[in-house]
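Because the structure is a prediction, the values reported are computed rather than measured. Chain identifiers are assigned alphabetically (A, B, ...) following the order of the sequence lines, protein sequences preceding nucleic acid strands; residue numbering begins at 1 within each chain.
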There are 2 protein chains.
Amino acid sequence: MTQLPSVYLERAVDQMSQLPGIGRRTALRLVLHLLRRETADVLQLAGSLEELVQNVRYCQVCHNISDSETCAICSSASRDHTTICVVETVQDVMAIEATQQYRGVYHVLGGIISPMDGIGPQDLEINSLVERLAAGGIKEVIFALSPTMEGDTTSFYIYRKLPHEGIRITSIARGVAQNNQLHYTDELTLGRSITDRQPYKS
Amino acid sequence: MTQLPSVYLERAVDQMSQLPGIGRRTALRLVLHLLRRETADVLQLAGSLEELVQNVRYCQVCHNISDSETCAICSSASRDHTTICVVETVQDVMAIEATQQYRGVYHVLGGIISPMDGIGPQDLEINSLVERLAAGGIKEVIFALSPTMEGDTTSFYIYRKLPHEGIRITSIARGVAQNNQLHYTDELTLGRSITDRQPYKS
């Protein structure tokens, strides 16, 4: 790409193009769009990012993003605090909440064990999960990690760390996706859906 | 999308999703990515946007983005200041500069006449172009606007406003694109490329 006609433009494009999935060309388009907007609007955008990183907090219990010490889910009396769903990210909490099928609480690991990316168990909220269980009162832990090698490794690592007595440890169901054509399902998933077959419910 | 667990997160996602081509889901992904980055990095991004909108200037002559009163092109002694290429946007200047085929100067209109979008001639840098020509010394004006109805309307509007005596007024060539298969070229372009046929140069 040609040299940009302004150092300010250059810096802004450079910064924007560090966002995931945004190349220099897109960054330039976004930045030139911002230049056509009201100055106050752009200052508001910049300010919202500054406020976010300066004020964001994480729930002391489940490590979900929260504006208070304890998040809305962990402090809700209507949730089942004896069931903990273990997820990788804040987005996973939102995805599961959107299903409206879960009334327990969460534990956000903040990632997944991935030696390729240099992420080990010590980088994740695993010890705090062990402590939550050691404190007692938990009846079930549900693993809701990605159905990948890294996800399975992480589940297994945590499984070995957790106390097992009196605690049911489960994993979300894997199988053919709802409304997917059977013959388009990959071999591994289809194979596992047969070995993991369930009693028919009519 | 589910409600976000933090007002700061909500505000940042809301602001980011106002960028063109960025929906709420992508905005959330970008913002959560920023939360994983160093705080200083995010402050640098926000700062670069603030600096941009507070410090950006436009060349007094051609209205290209510039850090000084007159842009590098308009103040260059090696450019041909008797030829003005009229373009819509700053990006068009960069695109033409990238071809390395043009040694004249530019005039950035800042848009195109588009009644649908509420953009009239008064919103564009048309009067300043007329003044540049009235000041004398210009031998050629090249229209390099989009080959669309709006582009043609804008060219025609400006054409009627400009003094014609002693000034050659041209438009960039239209025709089949380099390396495009002929039978994939649209009818309008192909038809016009025949009526506008040029002497063969071997």
Mind checking whether A:His164 and A:Tyr159 have ring centres under 6.0 Å apart?
yes
Return yes if a side-chain donor-acceptor contact under 3.5 Å exists between B:Asn180 and B:Thr185, otherwise no.
no
Between A:Ile73 and chain B, which part of the residue has a heavy atom less than 4.5 Å away: side chain, backbone, both or neither?
neither
For A:Leu49, is it the side chain, the backbone, both or neither that has a heavy atom under 4.5 Å from a heavy atom of chain B?
both
Using a 4.5 angstrom heavy-atom cutoff, name the option from B:Val93, B:Val53, B:Asp14 with the most pairs to chain A.
B:Val53
Name the member of B:Leu32, B:Thr26, B:Leu9, B:Asp67 that forms the most heavy-atom pairs with chain A at distances under 4.5 Å.
B:Asp67
Choice from B:Arg57, B:Arg11, B:Glu50 maximising heavy atom contacts with chain A below 4.5 Å:
B:Glu50
I would like to know whether A:Thr82 and A:Glu140 meet side-chain hydrogen bond (donor to acceptor under 3.5 Å, both in side chains); could you show each step before the answer?
CA-CA 7 Å; A:Thr82 66; A:Glu140 181 171 356; over 6 Å; no
Non-hydrogen atoms of chain A under 4.5 Å away: do they reach the side chain of B:Asn55, the backbone, both or neither?
both
Could you check whether B:Glu97 pairs with B:Arg79 (Lys NZ or Arg NE/NH1/NH2 to Asp/Glu carboxylate O, under 4.0 Å)?
yes
B:Asp41 versus chain A, heavy atoms under 4.5 Å apart: side chain, backbone, both or neither?
backbone
Considering only NZ, NE, NH1 and NH2 on the basic side and carboxylate oxygens on the acidic side, decide whether A:Asp152 and A:Arg174 come within less than 4.0 Å.
yes
Of the listed B:Leu45, B:Leu30, B:Val31, B:Leu34, the one with the largest count of heavy-atom pairs under 4.5 Å with chain A is B:Leu45
Testing the 3.5 Å rule here: is there a donor-acceptor pair between the side chains of A:Ser146 and A:Thr148?
no
In terms of heavy-atom pairs under 4.5 Å with chain A, which of B:Leu19, B:Leu35, B:Val7 leads?
B:Leu35
As an exercise: rank B:Ala46, B:Ala12, B:Pro20 by heavy-atom pairs under 4.5 Å with chain A and give me the winner.
B:Pro20
Counting only heavy atoms closer than 4.5 Å, note whether B:Arg29 contacts chain A via side chain, backbone, both or neither.
both
Under 4.5 Å from any heavy atom of chain A - which part of B:Val42
side chain
Under 4.5 Å between any side-chain heavy atoms of A:Ser66 and B:Ser6, yes or no?
no
Can you see whether A:Glu125 engages A:Ser128 through a side-chain donor-acceptor pair at a distance of less than 3.5 angstrom?
yes
